[in-house]
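To start, the structure itself, in structure tokens.
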Amino acid sequence: MTATTGSELADLLAGPVVAAARGLLGCTVSANGVSVRLTEVEAYAGTAGDPASHAHRGRTPRNAVMFGPPGHAYVYFTYGVHWCMNVVTGPEGEASAVLLRAGEVIGGLDIARARRVAVRRDVDLARGPARLCTVLGLGRSAYGLFLLGDGPVRVAPPAVPVPAAVVAAGPRVGVTGAHDVPWRFWIAGDPTVSTYRRHVPRRRS
DNA sequence: GCGACGATTTCG
DNA sequence: GAAATCGTCGCT
């Protein structure tokens, strides 16, 4: 299930979200002078009975783009601090999407480091969904952009396909429920994959 | 209109 | 372990 052309990638994203997620591993995301090879992603099934999805309770202004056609960016702001990015998948109305959790910087390394000055090791530059958006310079302005064309943010098929044998799966990170659903996918052994953290609810003082 | 909380990161 | 920090969404 690896796309080798843009057309195949478009078809993959139009299909079931789990296959789309696995197919996005190894793909290159390029924006604002930096390119990242995806090493970790998570699938969210939208309105199809996935309580962890931002679209689970139906359409709202924030998640509206997820209800549209596949191949567009769903970017959201969280914790008052961070931006994270998804690729919308599946048919219109389903609202499924794949969260881009981590990657390896393969282009524009100097720019990426300038955006995360405190980072010492290159493998930590995009090791986490908000970190990935930071090195790519993504924020509100990326919301809804089409990712498979000639726009400012692009997703392209892998230069070297990722063998199915090296793809690992497990529970999604930080989600409140659905801990039994193994919809987090990563490239086994890759040092740029983020560490697993269980969701911990915050308490008010 | 109000308030609890979040698909996180960083520091102590 | 806990703070930072604010947009979003359901409703106490």
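These figures come from a predicted structure and were not determined experimentally.
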Kindly give the heavy-atom pair with the smallest separation between A:Ala112 and A:Leu125, and that separation in Å.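 Nearest heavy atoms, A:Ala112 then A:Leu125: O-CD2, 4.0 Å.
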
Separation of [Y] [atom2] from [X] [atom1] (nearest 0.5 Å):
X	Y	atom1	atom2	value
A:Thr39	A:Leu24	OG1	CG	12.0 Å
A:Asp124	A:Arg127	CG	CZ	5.5 Å
A:Leu138	A:Leu132	CG	CG	7.5 Å
A:His54	A:Met66	NE2	CE	8.0 Å
A:Glu42	A:Leu100	CD	CG	10.5 Å
A:Arg57	A:Asn63	CZ	CG	12.0 Å

Scan [X] against the nucleic acid and name what it touches under 4.0 Å (heavy atoms): base, sugar-phosphate only, or nothing.
X	result
A:Ala130	sugar-phosphate
A:Arg116	sugar-phosphate
A:Arg197	base

Please tabulate, for side-chain N and O atoms in residues 76-90 of chain A, each donor-acceptor pair with protein atoms closer than 3.5 Å (sequence neighbours left out).
from    : atom 1 : to      : atom 2 : distance (Å)
A:Asn86 : OD1    : A:Leu99 : N      : 3.4
A:Asn86 : ND2    : A:Tyr74 : O      : 3.4
A:Thr89 : OG1    : A:Ser96 : OG     : 2.9

Could you run down nucleotides 5-12 of chain C 5' to 3' and tag each one B, S or - for protein heavy-atom contact under 4.0 Å? BBSSSS--

Nearest whole Å is fine: how far is [N] [atom2] from [X] [atom1]?
X	N	atom1	atom2	result
A:Arg127	B:dA7	CZ	C1'	17 Å
A:Asn86	B:dG6	CG	P	17 Å
A:Leu99	B:dT8	CG	C1'	11 Å
A:Leu132	B:dT9	CG	P	10 Å
A:Leu138	B:dT8	CG	C1'	16 Å

Please enumerate all residues that pass side-chain hydrogen bond (donor to acceptor under 3.5 Å, both in side chains) together with A:Ser7, with sequence neighbours excluded.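 Result, side-chain hydrogen bond (donor to acceptor under 3.5 Å, both in side chains) vs A:Ser7: none returned.
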
Are OP1 or OP2 of B:dT8 and a side-chain N or O of A:Arg101 less than 4.0 angstrom apart? yes

Ignoring hydrogens and angles, write down the donor-acceptor pairs under 3.5 Å from the side chains of residues 25-34 of chain A, residues two or more places apart or on other chains.
from    : atom 1 : to       : atom 2 : distance (Å)
A:Ser30 : OG     : A:Ser35  : OG     : 2.8
A:Asn32 : ND2    : A:Leu136 : O      : 2.8
A:Asn32 : ND2    : A:Gly137 : O      : 3.1

Any residue of residues 28-43 of chain A with a heavy atom less than 4.0 Å from an atom of DNA chain B: none

Consecutive-pair stems (3 or more, Watson-Crick or G-U, under 3.5 Å) for DNA chain B: B:1-6 with C:6-11, B:8-11 with C:1-4

Indicate whether any N or O donor in one side chain lies under 3.5 Å from an N or O acceptor in the other, for A:Arg101 and A:Ser194. yes

Going by centres under 5.5 angstrom and planes under 30 degrees, do the aromatic ring of A:Tyr76 and the base ring of B:dA7 stack?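 Stacking between A:Tyr76 and B:dA7: absent.
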
